[in-house]
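Here is the structure we will look at, set down as structure tokens.
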Amino acid sequence: MYFYWHGINHRGKPCQGKILASHHSEVRRQLRLQKIHLTKVYSKPVSRLRLSLEQISTQDITLLTRQLATMLATGISIMQALMLVKDNQSKVSMRALLTNLAHQIESGAPLKQAFAAVGHFDELYIDLVASGEASGNIAQAFDRLASHKEKAQRLKSKMSKAAIYPSIVLLVALLISALMLIVVIPQFDSMFASFGSELPWFTQQVLALSLFIQTHGILLLLSILTTVIAVVGLRRFSPRLRILLSTVMFHLPLIGIVVRETFFVRFTATLATSFSSGIPLLQCLNNATNAHYPPYCQRALQAIYRDTSAGMPLYLAMRQTALFPEMVLQLVMIGEESGRLDEMLSRLAVYYQTEVDDRIDKLGKLLEPAIIVLLSAIVGGLVLAIYLPIFNLMNVIG
């Protein structure tokens, strides 16, 4: 919520403003850092729209990480870097996060504890920061984090863009078809009835579909919406359904291959980044298990962590899951035996990143003509159903 405050600054002049925070104590702490003596404070709830706009996104964290990496590489301290980034933030929520983070560090907390206390940072992020602090090379740790997050962001963006175009075209095709069935085709129904002859079979089916949509269209739409909402709700509260849906997604033709290879990119890149920073393998696997992977993959990663904890080599634990291809297993085995696991994982991440990029490009090139053909078939079929009786009538008159 927003806190409106009145106070006196270090020059003895009255001042006022507003702060987006979760509690009065956070407001007092922020003003104390600015050397403002608080005299009055009251809160107002934030609108849903404003709250959604102020939410901290993964892009915000990625940008923050890159800014910190760039500044720390110049030799300035972490506190100076945080203050510089905070002063140039447009989001109130990000300024509040950075202020809180600076307060944690200023009070003497280790970086791992400070980043964990403010939220919005995952376990991998916190562990890499702690590793950088312990080794005395915090700038390199932030640079690795920034590179890792930027690659993950690019991959996510590419996947989203690949899904947007076909989704929009299919939606337009459905809207045009519904419009023709509800508005256009019924106009011809009475005209066809005046012909006094039997209509072509295809036209009869289209008229029957038009009548069904007019009669039961709202009920059909409500049923679809209810089903979607029910599946989404059950997916949130049912682990079995989440695993089932992710398993089906993994084994779909074409799309399933992209989903699998995207997981390989994320898993190998995350493991390579954390392992090369000096984090123990079991801790790396534990972080991977808690990451936002599909439930089907999380179950496999939990099994890998359990088997590796029991002393099994990583490549054998991965083979037990039947999730990874043989090339991945062979390179992981070579990396374990040669002591170059991070290098092999990095190579795998680069290889599968290239594969995913190529496959998404090819899938996009295949989908474009397929969608155009589908759209033409739907609209052309409806137009043909309208004109077939007219052609038959013209033949009879002729």
Side-chain angles (χ1 to χ4, degrees), residues 47-59 152-153 155-186 205-206 208-263 266 290-301 323 356 359-360 363-364 366-379 381-382:
S47 66
R48 288 183 179 272
L49 177 62
R50 182 65 182 176
L51 198 59
S52 63
L53 292 174
E54 285 291 341
Q55 277 190 332
I56 297 174
S57 63
T58 52
Q59 292 94 329
Q153 197 66 46
L155 180 61
K156 184 179 178 181
S157 176
K158 199 172 185 67
M159 294 284 289
S160 300
K161 288 178 182 177
I164 286 172
Y165 174 74
S167 301
I168 292 175
V169 173
L170 286 175
L171 181 61
V172 170
L174 288 173
L175 289 174
I176 291 173
S177 304
L179 188 65
M180 291 188 70
L181 287 168
I182 294 171
V183 178
V184 179
I185 290 179
Q205 303 308 310
V206 171
L209 178 61
S210 174
L211 181 62
F212 177 81
I213 294 295
Q214 292 176 69
T215 309
H216 306 289
I218 295 177
L219 183 62
L220 180 64
L221 183 61
L222 289 175
S223 300
I224 293 172
L225 289 175
T226 303
T227 303
V228 171
I229 293 171
V231 170
V232 171
L234 287 172
R235 184 179 178 275
R236 177 178 294 181
F237 298 106
S238 173
R240 289 186 179 181
L241 181 61
R242 287 199 296 270
I243 292 173
L244 175 63
L245 291 175
S246 64
T247 304
V248 171
M249 181 66 73
F250 250 67
H251 294 90
L252 286 174
L254 295 178
I255 297 175
I257 298 173
V258 176
V259 173
R260 283 199 300 273
E261 290 183 344
T262 302
F263 164 70
R266 291 180 59 198
N290 296 324
H292 295 291
Y293 293 121
Y296 177 70
C297 301
Q298 285 185 335
R299 186 172 61 174
L301 293 177
L323 179 63
V356 168
R359 207 172 293 278
I360 288 175
L363 192 60
L366 286 172
L367 280 175
E368 285 181 18
I371 289 171
I372 291 171
V373 170
L374 176 64
L375 184 58
S376 303
I378 293 173
V379 178
L382 294 176

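Along the sequence shown, the residues carry numbers beginning at 1.
Every residue meeting the side-chain contact (heavy atoms from CB on, under 4.5 Å) condition with Ser223, not counting sequence neighbours, appears here in chain and number order: Leu219. With sequence neighbours excluded, the residues forming a salt bridge (Lys or Arg N to Asp or Glu O under 4.0 Å) with Arg359 are Glu261, Glu355, listed by chain and number. Leu209 pairs by the side-chain contact (heavy atoms from CB on, under 4.5 Å) definition with Leu181, Ile213, not counting sequence neighbours.
Taken from CZ in Arg266 to NZ in Lys156, the straight-line distance is 8.5 Å, to the nearest 0.5 Å. In this structure, Ile360 CD1 and Lys158 NZ are separated by 6.0 Å, a value rounded to the nearest 0.5 Å. Taken to the nearest 0.5 Å, the CD1 atom of Ile224 stands 12.0 Å off from the CD1 atom of Ile229. Distance check, rounded to the nearest 0.5 Å: CZ of Phe250 to CZ of Arg260 gives 7.5 Å. Note that OG of Ser246 is 9.5 Å distant from CG of Leu241, once rounded to the nearest 0.5 Å. The structure places OG1 of Thr262 at 5.0 Å from CG of Leu155, a figure rounded to the nearest 0.5 Å.
Heavy-atom minimum distance, Tyr296 versus Ile243: CB-O, 4.5 Å. The minimum heavy-atom distance linking Leu323 with Cys297 is given by the pair CD2-CA, 4.4 Å. Of all non-hydrogen atoms in Thr215 and Leu211, the two that sit nearest each other are OG1-O, 2.7 Å. The nearest pair of heavy atoms linking Val258 to Met159 is CG1-SD, 3.6 Å.
Around CG of Leu225, the count of heavy atoms belonging to other residues, nucleotides or ligands within 6.0 Å exceeds 12. The local environment of CG in Leu220 is crowded, with over 12 non-hydrogen atoms from other residues, nucleotides or ligands closer than 6.0 Å.
Listed for the Ser210 side chain is no donor-acceptor partner under 3.5 Å among the backbone atoms of Val206.
Judged purely by distance below 3.5 Å, without hydrogens or angles, the side chains of Ser157 and Gln153 never pair a donor atom with an acceptor atom.
A side-chain contact (heavy atoms from CB on, under 4.5 Å) with Ile176 is found for exactly one of Val184, Leu382, Val379, namely Val379.
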Working for side chain to side chain contact (heavy atoms under 4.5 Å, CB included), residues Val231 and Leu245:
CA-CA 10 Å; Val231 170; Leu245 291 175; 4.3 Å; yes
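Counting only heavy atoms from C-beta outward, the side chains of Leu374 and Leu170 approach each other to under 4.5 Å.
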